[in-house]
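Input: a single structure, listed below in structure tokens.
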Amino acid sequence: MNVADSERIRSLLLRDGYQETADMGEAGLIILNTCAVRKHAEDRALARLNSLKHYKRKNPDLIIGLFGCVPSFYGEKLLEEFPHLSILCGPKGIGEINSLLQKAEKGERVASLNGKNNLFDDRCILTGKKKAVFLPIMQGCDNFCSYCVVPYTRGRERSKPSLQIMEEAENLVSQGVREIMLLGQNVNSYGKGLTEKIDFAGLLKLVGKIKDLEKIKFMTSHPKDISQNLLEVIASSEKIEKRLHLPVQSGSDSILERMNRGYTVKDYKKIIKNARELMPKISISTDIIVGFPGEREDDFRQTLKLLTEIRFDSIFAFKYSNRPKTAAGRFPGQIPQEEKERRLKEILELQREINRAKRKAVQKIL
Ligand code: SF4
């Protein structure tokens, strides 16, 4: 979503006559688009912001903007903490970039944090020749997983009307795009709250009808909302990529419950079984969090066991990162850093073994 937001910021600026430069010393405007999902990403963004001070000293007219989830999370106090900063803008304020810039050019220090939900005000603009693009179909999330900041930074879930998605997709294809990645925090719940009656499977069918569009990808799916009908639509379309990124997060039911994920390990395994029955060659990847508060050694072993049972094609594993405002940040049983590191190392080593074994099996077949 962040990459898609950066592309949206970039395309709005290019449309208004800005030009890109690879030399920061030459820039009149520098925008940092940030992520707050883990503390490490946030620390890096703020360190980078600090390092821009000397550009501002050299060029007092330089406008520096901090965009994305970090400003949305911490608000206007960032303007006090970073006097060289002119613009603060959360993910929901991107559509206001021009008015923010106009004010900043007059020397004002401005913020657009949780104001209008204007994701759908402007259309996806193509800058340069591209074969593959991201197309956001929704914003925000209603799931409130206990460890996650997204509902606080991106707000509640809103789906883009299908008519607008089709108009944008057709326009992109007419300009030479052949591959579209439909994006949302939880694409499987697409359609909720719209006046039209449509779900994600219905949207995939519609987009699949666009002539000359060759490939459709999507991200991210939530196990609690994935339906058999959706799997069947994916299986039956030649255009839809046979790849499912389905974050499981843990192999322990008690941890999944504390994470507020809304499914059990049994439910998850059933989805994978159904997907593989319909599409034997489907590639399946997942996200795992190790060291969630209260995760006992036995819970962690259950996650390792799940990995050996499912044999994912790839995993993205992370140490739990305690985020303010989230419920899990207040849970007892926070796991020491070194223990989280040990668990992460072990899980990554197991996945490497699985990958090696899979590669060997492929070589044998070849
Ligand atoms: S589904 Fe959960 S983890 Fe994903 S964005 Fe929503 S709250 Fe965060």
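The model shown is predicted, which means the values in this text are computed figures rather than measured ones. The analysis underlying the following values was restricted to heavy atoms, covering all of them including side chains, and did not include hydrogens, waters or symmetry mates. Each ligand, and each atom within it, is numbered from 1 in the order the structure gives.
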| said: Using 2.8 Å as the threshold, say whether any N, O or S atom from C145 sits that close to atom 2 (Fe) of ligand 1. | reply: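 It does; at least one qualifying atom falls short of 2.8 Å.
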| said: Among L204, I165, L230, which residue satisfies the side chain to side chain contact (heavy atoms under 4.5 Å, CB included) criterion with Y190? | reply: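 Single side chain to side chain contact (heavy atoms under 4.5 Å, CB included) partner of Y190 among L204, I165, L230: I165.
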I need the atoms of ligand 1 closer than 4.0 Å to a non-hydrogen atom of [X], numbered in the order shown.
| X | value |
| --- | --- |
| R261 | 2 (Fe), 3 (S) |
| F144 | 7 (S) |
| H222 | 1 (S) |

So which protein heavy atom does [atom] come closest to, and at what separation?
| atom | result |
| --- | --- |
| atom 8 (Fe) of ligand 1 | C148 SG, 2.3 Å |
| atom 3 (S) of ligand 1 | Y147 OH, 3.5 Å |
| atom 6 (Fe) of ligand 1 | C141 SG, 2.3 Å |

Any Lys/Arg nitrogen of [X] or [Y] sitting under 4.0 Å from an Asp/Glu carboxylate oxygen of the other?
| X | Y | result |
| --- | --- | --- |
| R311 | E353 | no |
| K130 | E7 | yes |
| R342 | E339 | yes |

| request: Mind listing the closest non-hydrogen atom pair of A201 and N229 along with its distance? | output: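 Closest approach of A201 to N229, heavy atoms only: CB-ND2, 3.7 Å.
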| field | R154 touching ligand 1 at heavy-atom level, < 4.0 angstrom | value |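 The answer is no: ligand 1 sits nowhere under 4.0 Å from a heavy atom of R154.
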| message | Is there a side-chain contact between F292 and S250 in this structure, where contact means two heavy atoms from C-beta onward sitting under 4.5 Å apart? | response |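 No, their side chains stay 4.5 Å or more apart.
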| Geometric cation-pi criterion R258 and F331, 6.0 Å radius, 45° cone |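 Relative to the ring axis of F331, which defines the angle, R258 lies inside both limits.
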| message | Once you restrict to heavy atoms under 4.0 Å, what part of V150 touches ligand 1? Side chain, backbone, both or neither. | response |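 Contact part for V150 vs ligand 1: side chain (C-beta onward).
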